[in-house]
Amino acid sequence: MTARKTMVVKIGSSTLVEDGELRRDFISALASQARDLREAGWNLVVVSSGAIACGAPLLGFERRPVDMPSLQACASVGQCVLSAAYDEEFRAVGLLTSLVLLTRGDTARRTSYLHARDALTRLVDLGVVPIVNENDTTAVDEIKFGDNDTLAALVSCLVSADLCVTLSDIDGLYTANPSLDPTAKFIPRVDKIDAAIIGSAGDSTTTVGTGGMITKIRSCRILMTAGIESVICSGAEERPLVRLAAGEQVGDGGSFRPPPASSIAPRKLWIALGDSAHGFVTVDAGAAGALVERGSSLLPVGITGVEGDFAAGDVLDVRDADGLVIARGIAEAGHDELELAAGRHQEDIAGNHLLAALANKPAIHRDNLIVFA
């Protein structure tokens, strides 16, 4: 099994559900591709949206509800329908599926994250096609991934994927939202995601999903940092997964290529994806350069702003002066200490008895810091 490659495919609600009906034809075609991928030496992991979209019409909702209990009820009913469809269609081609439901609560702690990794890896080794979704029946805002683009990036890192494919109602990244700007131009390949690329991403244009291009771009950025190639293409394309595995270009699909020889410690990938950020610090140009170019620790002297109510050990985003998230790391101190220490040199901190604990350590140590590509 070690010679096999692994592909993660994320399927959006708008691709799976049409006019309130689950597209069994799409799942059947996906199962056929999974069988052919298996024969070509690829394992497949599916990150599937669609539970709420499937459940809502069955419970009498004409549109997606907005209150949490109703959303949870829709997810509970819809997940049964969705899982049954995957099971039946994949069994028809001789493949076994499994259901894996995750929340941030399952991955925020390092030990739970590793257990999720081990379970998924073992399922893949056993020849199973895991069907992964967020556990929307029990998840609340505090422990939600919020979108399955982030979940797909997490799963790709957990199984050390070779390729992550997003099948959606959009075929890739444009310079602007093409549904609003007729002059928007398609970007076929991205080698670096900077502020301009992030700025070109718009919001979701569908009523059945929760993600938009911005969530896809942020997830692709993490995947690039992890050394995993990703592709966004239309779910309406003919056999896109098999064609991508063979190295073909699929329609106008856009690819996000990681830099050569990308290698990130698994623990840093957990920092990037396991938990959501509890706050953020803004840094000056000197500190940003030290982090990105030299892989340095973040010292309090380089911090110009602190936001959020966080404690030592919580995950923080690190933003540059323009607001771009350039890194994520684990705070060595709480928000009140970092607010007092921001902009101070270490010798000044050492002379302040309120900040003595920070005198001999950085705000974020480089071993607990991941810098995004």
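Remember, it's a predicted structure, so these values are computed and weren't measured experimentally.
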Q: Looking at F372, I'd like to know if the NZ or CZ of R221 sits under 6.0 Å from its six-membered ring centre while staying within 45 degrees of the ring's axis.
A: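 Here R221 fails the 6.0 Å and 45° test against F372.
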Q: With a 4.5 Å cut-off on side-chain heavy-atom distances among I, L, V, M, F, W and Y, is there a chain of contacts connecting V301 to L355?
A: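 In one cluster with V301: L355, no.
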Q: Report yes if some heavy atom in the side chain of R319 is under 4.5 Å from a heavy atom in the side chain of V281; otherwise report no.
A: no
Q: May I ask whether I370 and F280 are part of the same hydrophobic cluster, defined by side-chain heavy atoms of I, L, V, M, F, W, Y residues being less than 4.5 angstrom apart, directly or through others?
A: no
Q: With rounding to the nearest 0.5 Å, note down the distance linking NZ in K216 to CZ in F256.
A: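 Here the rounded value is 10.5 Å.
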Q: Tell me whether V132 is reachable from L99 by hopping between hydrophobic residues (I, L, V, M, F, W, Y) whose side-chain heavy atoms are closer than 4.5 Å.
A: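 No, it is not one cluster - the side chains of L99 and V132 are not joined through contacts under 4.5 Å.
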Q: Between I364 and L299, is there shared hydrophobic-cluster membership here, with clusters defined by ILVMFWY side-chain heavy atoms closer than 4.5 Å?
A: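 I364 and L299: separate clusters.
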Q: Above 12 or not: heavy atoms from other molecules or residues under 6.0 Å from CD of E347?
A: yes
Q: Indicate whether any N or O donor in one side chain lies under 3.5 Å from an N or O acceptor in the other, for N148 and E134.
A: no
Q: Taking all non-hydrogen atoms of both residues, which atom of R4 and which atom of N43 are closest, and how far apart?
A: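 Reported closest heavy-atom pair: NE-OD1, 3.0 Å.
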Q: Would you mind reporting whether Y113 and L154 have side-chain heavy atoms less than 4.5 Å apart?
A: yes
Q: Before giving the answer on side-chain contact (heavy atoms from CB on, under 4.5 Å), spell out for L30 and I11 the whole-Å C-alpha distance, their side-chain angles and the decisive distance to 0.1 Å.
A: CA-CA 10 Å; L30 180 67; I11 307 170; 3.5 Å; yes
Q: With no hydrogens and no angle check, is any side-chain donor or acceptor of R328 less than 3.5 Å from a backbone partner on A272?
A: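 Checking the backbone N and O of A272 against the side chain of R328, a donor-acceptor pair under 3.5 Å is found.
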Q: Report yes if some heavy atom in the side chain of V129 is under 4.5 Å from a heavy atom in the side chain of F90; otherwise report no.
A: yes
Q: Work out which heavy atom in A75 is nearest to a heavy atom in I52; give both atom names and the distance.
A: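 The answer is CB-CG1, 3.8 Å.
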Q: Looking just at side-chain N and O atoms, do T215 and R218 make a donor-acceptor pair shorter than 3.5 Å?
A: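 No, no side-chain donor-acceptor pair sits under 3.5 Å.
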Q: So, does D162 use its side chain to make a donor-acceptor pair with the main chain of K5 at under 3.5 Å?
A: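 Judged by distance alone, no pair lies under 3.5 Å.
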Q: Can a salt bridge be assigned to the pair R189 and D191 using a cut-off of 4.0 Å between side-chain N and carboxylate O?
A: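 A salt bridge links R189 with D191.
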Q: Do C220 and I232 have side-chain heavy atoms sitting under 4.5 Å apart?
A: yes
Q: Report yes if the side chains of V159 and V8 come closer than 4.5 Å at any heavy-atom pair, otherwise no.
A: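 In short, these two side chains touch, coming nearer than 4.5 Å.
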Q: So, taking the atom named CG in L22 and the one named SG in C54, what distance separates them when rounded to the nearest 0.5 Å?
A: 4.5 Å
Q: When you compare the side chain of V325 with that of V318, does any pair of heavy atoms fall below 4.5 Å?
A: no
Q: Quick check: does any side chain N or O of T103 sit under 3.5 Å from a backbone N or O of G105, one acting as donor and the other as acceptor?
A: yes
Q: Run the numbers on D149 and K10 for salt bridge (Lys or Arg N to Asp or Glu O under 4.0 Å), then give the verdict.
A: CA-CA 7 Å; D149 298 309; K10 182 264 178 180; 3.2 Å; yes
Q: Identify the heavy atoms of S234 and L167 that sit nearest to each other, and give their distance.
A: O-CD2, 4.2 Å
Q: Which is it for E229 and C164 under the side-chain contact (heavy atoms from CB on, under 4.5 Å) test, yes or no, and what are the steps along the way?
A: CA-CA 6 Å; E229 182 179 357; C164 178; over 6 Å; no
Q: Which heavy atom in L71 sits nearest to a heavy atom in P65, and how many Å separate them?
A: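 Closest approach of L71 to P65: CD2-O, 3.2 Å.
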Q: Checking I217 against I193 for the side-chain contact (heavy atoms from CB on, under 4.5 Å) test, could you report, in this order, the C-alpha distance in whole Å, the side-chain angles of both residues, the deciding distance, and whether it holds?
A: CA-CA 8 Å; I217 295 303; I193 296 178; 3.7 Å; yes
Q: Looking at D118 and R122, is there a salt bridge between them, counting it only when a charged N and a carboxylate O are closer than 4.0 Å?
A: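 Answer for the salt bridge query: no.
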Q: Could you tell me whether the side chain of R64 and the main chain of A53 form a donor-acceptor pair under 3.5 Å?
A: no
Q: Donor-acceptor check, side chain of S13 to backbone of G50, threshold 3.5 angstrom: yes or no?
A: yes
Q: Just wondering, do I303 and L298 contact through their side chains at under 4.5 Å, heavy atoms?
A: yes
Q: Checking E332 side chain against P362 main chain: does a donor-acceptor pair fall under 3.5 Å?
A: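 Not at all, since once roles are kept as given, no pair shorter than 3.5 Å links the two residues.
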Q: Closest approach of L44 and P130, non-hydrogen atoms and distance?
A: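 Taking every non-hydrogen atom into account, O-CD, 3.7 Å.
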Q: What distance separates H278 NE2 from D314 CG, expressed to the nearest 0.5 Å?
A: 4.5 Å
Q: Keeping R243 on the side-chain end and E248 on the backbone end, is there a donor-acceptor pair under 3.5 Å?
A: no
Q: May I ask you to check whether S28 and D25 show a side-chain donor-acceptor distance below 3.5 Å?
A: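 No - no donor-acceptor pair under 3.5 Å links their side chains.
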Q: Are there more than 12 heavy atoms of other residues, nucleotides or ligands under 6.0 Å from atom CD of E39?
A: yes
Q: Under the side-chain contact (heavy atoms from CB on, under 4.5 Å) criterion, do V100 and I131 qualify, and how do the steps go?
A: CA-CA 6 Å; V100 181; I131 310 297; over 6 Å; no
Q: Return yes if some donor-acceptor pair links the side-chain N/O of T6 with the main-chain N/O of A161 below 3.5 Å, else return no.
A: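 Looks like no, no N/O pair under 3.5 Å.
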Q: Take R267 and D367 through the test salt bridge (Lys or Arg N to Asp or Glu O under 4.0 Å) and record every step on the way to the result.
A: CA-CA 9 Å; R267 186 173 184 277; D367 291 345; over 6 Å; no
Q: Other residues, nucleotides and ligands only: do more than 12 of their heavy atoms fall within 6.0 Å of NE2 on H365?
A: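 Check passes, neighbour count above 12.
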Q: So which atom in V77 and which in L58 form the shortest heavy-atom distance, rounded to 0.1 Å?
A: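 Closest approach of V77 to L58: CG1-CD1, 4.0 Å.
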Q: What distance separates L101 CG from S83 OG, expressed to the nearest 0.5 Å?
A: 7.0 Å
Q: For the backbone of R366 and the side chain of S297, can you confirm whether one donor and one acceptor N or O come within less than 3.5 Å of each other?
A: yes
Q: With the side chain counted from C-beta on, respond yes when Q346 and P300 share a heavy-atom pair under 4.5 Å apart, and no when they do not.
A: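 Yes. Closest side-chain heavy atoms under 4.5 Å.
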Q: Would you indicate whether R110, at its atom CZ, is surrounded by more than 12 heavy atoms from other residues, nucleotides or ligands within a distance under 6.0 Å?
A: yes
Q: With clusters defined by side-chain heavy atoms of hydrophobic residues (ILVMFWY) lying less than 4.5 Å apart, directly or transitively, does V66 cluster with M68?
A: no
Q: Once rounded to the nearest 0.5 Å, what's the spacing between atom CG of D336 and atom CZ of F310?
A: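 Between D336 CG and F310 CZ, I get 8.5 Å after rounding to 0.5 Å.
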Q: Would you say R117's side chain and C157's backbone share a donor-acceptor pair under 3.5 angstrom?
A: no
Q: Only one of V292, I264, T225 forms a side chain to side chain contact (heavy atoms under 4.5 Å, CB included) with V371, so which one is it?
A: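 When side chain to side chain contact (heavy atoms under 4.5 Å, CB included) is applied between V371 and each of V292, I264, T225, only V292 qualifies.
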Q: Just verifying a value: how many Å separate W270 CH2 and R109 CZ, rounded to the nearest 0.5 Å?
A: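 Nearest 0.5 Å value for the CH2-CZ distance: 10.5 Å.
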Q: For the CG atom on D67, are there more than 12 heavy atoms of other groups (residues, nucleotides or ligands in this structure) within a distance under 6.0 Å?
A: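 Correct, the count exceeds 12.
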